[in-house]
Amino acid sequence: MERIEKRKMDRFSALPDSLIGHILSFLPTKTAVSTSLLSRRWRYLWQHLQVFNFQLEEEEEEEEEDEQYDWSFMHFSAFVNGVLAQRRNRDIRKFRLSSSYTGEASFHARSFNYWSLAAIGPQLQDLNLSLYAPYLKKHFVWFPSSSVLRGIFSCTSLISLTLDGLICVNKISSVHLPALRTMRLSMDTPYPLDVKIFSGCPVLEDLYLQFNQINAPKIIFPNSLKRLEVHNRKSSTRREVEVEIEAPALEYLTFFLYIGLSQLTVNNLHNVKVADLDLREDDPDYIHMLLNALNRIKKLHLHISILECILGAPAFDFPEFSCLLHLELKCFNPTLIINLLYKCPMLQVFKICNYEQIWIEPTGNSSSWTPPTCVPDCLASHLTKIEFKGYKGSNDELGFIAYILKSGIVLQTVTVNLDSLKNEKGKSKKKYNITKELCAIPRGSNMCRIEIKD
C-alpha cells in the first residue's frame, strides 16, 4: 500500500513546474502557499503564481471581543502582504480578495488600497473585491483612493470585474474598459452608484447590478448586453429615474426595480428568452410597454409588485406571447390568470406561488370568480404541467383548479402544494378534505395525475 501511494506521489511530482503552478492557481492562496512544506522542490513554486485568491476565513471571524477581530484581520493582512511581497512573477492575471471589516477603518482602507494597486497591471483579466461587515457589528465603507479607481476603470486588459459589499464607487472621473465582458456590482452602502461605470464598456455582455441609490436621473444600459440582472433594494428612497434599455443581443433579463420611473424606454428586446420581473410602478403603461417588448419570450416570471399594478389597472390588455413556454406568477387571481392564458397559446408549464395575499378585482365587481365559457388555446393543445404553491382550499382556488382539470385535455401533471397550511390548527383534517375534493374533480385528460404535497 505504501508503495502504491509513493508511486502516485512520484507521478504527481514528475509533472513540470508550469503544470503544477496551473493546478495551484485553482486553490485558495493560503492552501497554495502551504504546499511549500511538502518538499524542497515545492518550496518556491507558489511564488510564480499569477492567480491569487485571498479570503478571510470564517473560523477567523468568530463573534468575540473587538481585540480578537483586530487580530484576525492583522494576521490576514500580514499574510497577504507577505505573499505579494515574495512573489517572483510581477504580473497578476486573476485577483480575488474577500474580507470582512473587523477593526480600525483607516488601517483597512490603506490595506485594501495597497492590495488593489498591487493587483492592477497590464495582464490583469479578472478582479474580484468583496468587503462585508460580520454580524452587523459596525458600519464601514471603503472609499477606494483616486489612484485605485483610476487603475481599475482604465485597465484595458480587464475581462471580469466584481465589486461587492461595502465599497463606494461614486467618484469616477472616466471609464475605459474596452475588453470588459462581465461586471458584477453589488453595493451595500448608503452612497449612490455612479452610472458612468457603464459608459466605457463597449463589449460588456453580462451585467449584475445591485444598489440602494443612483446618483443620476437617467440609466442607460449598454446595448452589447446578453444578460442583465438589476436589483434595487425595497428600502431605498423612492426617487424617480429614467431607464433606457436597448439591447438587441439580450437573452436573459432580471429586473427588480423599486424606485419610481419618470420614463421607461425599451427597444430591440426581441431576443430575450428568459425574464424575471418586479417593478414597483403605479403606471400600467410602463408595464405594458415592457411586456410588449418581451412578446417573443420563452420563460416569464412576474412578481408581486408588477402584478399589483396590473390588477389595479381599469383594463389591462396583455400582449400576445406567441413563443411563451413557461410562466410563473407570484399571486393567485383567476381573472388575471385566464386573461393571460388567452395570450399564451404555446404555454407548456404554468406555476402559481400564492404566498403573498393580494386581491384586486379590475372591474370592481364581486370577488366571486365565474369560470369563462371560452377555453384558452394552450389548455386544449400544449399545457401539460401546472404547479400551485400556497394552496389554501378557498372556493376561488377550488373553482379554478376544477376549471383547469376539466378544460386541460393534454394535461399530464397538476401539483398542489399545501405548505401554507403547516401552521394552522387542524391542518391534518383540512389537508384530508382538500385532497378528497381535488381527487373528486373530473378531468379532461386521461393522462392527468394530481400530486398533493406538504
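Positions are given from 1, in the same order as the sequence printed here.
By the 4.5 Å heavy-atom criterion applied to side chains, I450 and L405 are counted as neighbours. Using a 4.5 Å heavy-atom threshold, the side chains of L163 and L161 count as touching. Two residues are said to be in side-chain contact when any heavy atoms from C-beta on lie closer than 4.5 Å; V51 and F95 fail this criterion. Counting only heavy atoms from C-beta outward, the side chains of Y432 and S428 never approach each other to under 4.5 Å. Contact annotation: the side chain of R449 approaches that of T413 to within less than 4.5 Å [non-hydrogen atoms, C-beta and beyond]. In this structure, the side chains of L269 and N267 stay at 4.5 Å or more apart for every pair of heavy atoms. Contact annotation: the side chain of Q412 never approaches that of S445 to less than 4.5 Å [non-hydrogen atoms, C-beta and beyond]. Counting heavy atoms from C-beta outward, I337 and L341 have side chains that approach closer than 4.5 Å.
For F26, the ring-ring contact (aromatic ring centres under 6.0 Å, His included) criterion is met by H22, not counting sequence neighbours. Remark: S394 pairs with E397 by the side-chain hydrogen bond (donor to acceptor under 3.5 Å, both in side chains) rule, at least two apart or across chains. In this structure, the ring-ring contact (aromatic ring centres under 6.0 Å, His included) partners of F221, at least two apart in sequence or on a different chain, are F198. Shown here are the side-chain hydrogen bond (donor to acceptor under 3.5 Å, both in side chains) partners of R443, two or more places apart in sequence or in another chain: there are none. Residues passing the side chain to side chain contact (heavy atoms under 4.5 Å, CB included) test with V375 are L379, Y403, S407, sequence neighbours excluded. When the side-chain hydrogen bond (donor to acceptor under 3.5 Å, both in side chains) test is applied to S145, the partners found at least two apart in sequence or on another chain are S147. Residues meeting the ring-ring contact (aromatic ring centres under 6.0 Å, His included) test with F143, sequence neighbours left out: Y191. By the side-chain hydrogen bond (donor to acceptor under 3.5 Å, both in side chains) test, E229 pairs with H231, sequence neighbours left out. The ring-ring contact (aromatic ring centres under 6.0 Å, His included) check on F52 picks up F54, with sequence neighbours excluded.
L149 and V169 get closest at one heavy-atom pair: CD2-CG1, 3.8 Å. Listed here is the closest heavy atom pair of A119 and L124: O-CD2, 3.6 Å. Nearest heavy atoms, M183 versus L177: CE-CD1, 4.5 Å. The minimum heavy-atom distance between A109 and W142, with the atom names listed, is O-NE1, 3.8 Å. Here the closest non-hydrogen pair linking I304 and C331 is CD1-CB, 4.0 Å. Annotation for L225 and L207: closest pair CD2-CB, 3.7 Å, computed over non-hydrogen atoms.
For S77 (side chain) and F73 (main-chain N/O), no donor-acceptor pair under 3.5 Å exists by modelled atom type. Counting only distance, with no hydrogens or angles, the side chain of T31 and the backbone of L27 share no donor-acceptor pair below 3.5 Å. Side chain of K389 to backbone of E387: no donor-acceptor contact under 3.5 angstrom is found. Side-chain N or O atoms of T182 include none that pairs as donor or acceptor with a backbone N or O of S160 at under 3.5 Å. Checked by atom type and distance alone, the side chain of S224 pairs as donor or acceptor with a backbone atom of L204 at under 3.5 Å. No side-chain donor-acceptor contact under 3.5 Å links K226 to the backbone of Y252. Looking only at distances, a side-chain donor or acceptor of Y342 sits under 3.5 Å from a matching main-chain atom of C374. A donor-acceptor pair is defined here as one N or O able to donate and one able to accept, closer than 3.5 Å; such a pair exists between the side chain of K392 and the backbone of N354. Formation of a donor-acceptor pair under 3.5 Å by the N292 side chain with backbone atoms of P319 is not found in this model.
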### Query
Which is it for L250 and L253 under the side-chain contact (heavy atoms from CB on, under 4.5 Å) test, yes or no, and what are the steps along the way?
CA-CA 7 Å; L250 192 68; L253 174 63; 4.2 Å; yes
### Query
Under the side-chain contact (heavy atoms from CB on, under 4.5 Å) criterion, do L129 and F112 qualify, and how do the steps go?
CA-CA 9 Å; L129 303 178; F112 298 141; over 6 Å; no
### Task
Please test I434 against I452 for side-chain contact (heavy atoms from CB on, under 4.5 Å), starting from the C-alpha separation and ending with a verdict.
CA-CA 9 Å; I434 288 174; I452 299 175; 5.6 Å; no
### Worked verdict on M187 versus L185 for side-chain contact (heavy atoms from CB on, under 4.5 Å)
CA-CA 6 Å; M187 304 304 183; L185 304 174; 3.9 Å; yes
### Query
Can you list the steps and then say if F332 with Y391 is a ring pair (Phe, Tyr, Trp, His ring centres under 6.0 Å)?
CA-CA 9 Å; F332 171 71; Y391 186 88; 8.3 Å; no
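If you check the side chains of N223 and E246, you find no donor sitting under 3.5 Å from an acceptor. Between the side chains of Y355 and D419, at least one donor-acceptor pair of N or O atoms lies under 3.5 Å. At a cut-off of 3.5 Å, with distance as the only test, a side-chain donor of D276 or H303 sits close to an acceptor on the other residue. No donor-acceptor contact under 3.5 angstrom links the side chains of W369 and N333, judged on distance only. If you check the side chains of Y258 and D278, you find a donor sitting under 3.5 Å from an acceptor.
Considering CZ of F256 and CD1 of I306, their distance stands at 10.0 Å, rounded to 0.5 Å. For the atom pair K94 NZ and I159 CD1, the distance stands at 9.0 Å (nearest 0.5 Å). I167 contributes atom CD1, which lies 7.0 Å from atom CG of D164 (distance to the nearest 0.5 angstrom). Taking CG of L311 as the reference point, atom OG1 of T335 lies at 8.5 Å (rounded to 0.5 Å). Note: I352 CD1 to L327 CG = 9.0 Å, rounded to the nearest 0.5 Å. R93 CZ to L49 CG: the interatomic distance, rounded to the nearest 0.5 Å, is 10.0 Å.
Screening residues 312-322 for side chain to side chain donor-acceptor pair (under 3.5 Å), with sequence neighbours left out, gives D317-K343. Identified under the ring pair (Phe, Tyr, Trp, His ring centres under 6.0 Å) test for residues 434-454, with sequence neighbours left out: none.
No more than 12 heavy-atom neighbours from other residues, nucleotides or ligands sit within 6.0 angstrom of CZ on R296.
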Name each donor-acceptor pair under 3.5 Å that joins a side chain in residues 435-442 to protein atoms two or more places apart or in another chain, with its distance.
from : atom 1 : to   : atom 2 : distance (Å)
T435 : OG1    : K431 : O      : 2.8

